[in-house]
Amino acid sequence: MLIEGLETLGLAQGDSVLVRAAVKAMGPTEGRAATLLIEGLLELLGPEGTALGLAFTPAYPSWARNPDHVWTPATPSATGGLAAAMASWPGAVRSQHPTNGFVAIGRHAQDMLADHDHTKPCFHPMNKLLERNGKMILVGCVESSPGFSTVHLAQEHLGLSTQTIRQGLFGTYFEQDGKVEWFARLDEPGCSMGFSKFYADYVREGLLRTAMIGQAYSIGIDAKAAYALERAKLEKDVTAALCDRPECFGCRGIWNYNKKDWPAYWAKEGVRKVKNRFRALRIG
Ligand SMILES: [Zn+2]
């Protein structure tokens, strides 16, 4: 059943696939949802296939560096049950990127992640997914964590991801050649809640495939086709992937390419901060 669902999403033997999932949405699987999903993927993709996931780890403010926080490839990822299960899978490979690493299992895991280190942008491995004519699926997180990661790649290629007021302000210690160094992140993916705005475009172009994986509503797409569409839309309007929430700091407050939203956001935020200060004084 699970494998049929994955086939309906467009996956086939030998594919390279980026998977994002809210595995709990698959239904009652006695806590084995992530394992069942990975087993199903690997069986369908076969010995020539590769499954990729996001295994992000915390970025800390550079003004509050904690020498106890040193990233290594064994640092647990903070991106949910699927990433954790993939990272502990026998033969799994992880990026060397200290905050926005990927994890991969399968034939091309090593080639796809080998050069993803602290010198590369967060979503750099997506270039390899495009080169391999790969696919992407979302399992159970279509609404809760919407969108495909090719949008982040398009943002990187268009020079948007480095246009943040937080450039270089967040990072983590990491170990390299036996030395501990500070990694200051120069690009950031930002909020992705607005990526659902591309869904109607995918449907209109006939690109989107849907299936149930267990009880989880799921979607799949070819990475190259998705990227082309997303990039074209971002070229017309660089703010096309931002969400609509007025209070979203990640969309309204940080991007140098979206300064039109700064006055309203920061005026409201400034008032809130002053109010909080007075509230704190009254309590104190
Ligand atoms: Zn947002």
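One-based numbering, in listed order, for ligands and for the atoms of each. The structure presented is a predicted model; accordingly, all values stated were derived computationally and were not measured.
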Residue pair Ala22 / Gly140: nearest heavy atoms and the distance that separates them: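 Heavy-atom minimum between the residues: CB-O, 3.6 Å.
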
Worked verdict on Ile219 versus Tyr202 for side chain to side chain contact (heavy atoms under 4.5 Å, CB included): CA-CA 11 Å; Ile219 58 178; Tyr202 305 137; 5.9 Å; no

Full working for ring-ring contact (aromatic ring centres under 6.0 Å, His included) between Phe183 and His97: CA-CA 9 Å; Phe183 162 67; His97 193 285; 5.3 Å; yes

Sub-4.5 Å side-chain heavy-atom contact between His152 and Phe195: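 Counting from C-beta outward, His152 and Phe195 do come under 4.5 Å.
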
Residues that Lys197 engages under salt bridge (charged side-chain N to carboxylate O under 4.0 Å, His left out), provided they are two or more places apart: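 Once residues adjacent in sequence are excluded, the partners of Lys197 under the salt bridge (charged side-chain N to carboxylate O under 4.0 Å, His left out) criterion are Asp244.
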
The Zn ion (ligand 1) neighbourhood, protein N/O/S only, threshold under 2.8 Å: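 Metal shell, protein only: Cys191 SG, Cys243 SG, Cys248 SG, Cys251 SG.
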
Reference residue Pro125; test side chain to side chain contact (heavy atoms under 4.5 Å, CB included); the match among Met112, His116, Lys120: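 So the option named by the test is His116.
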
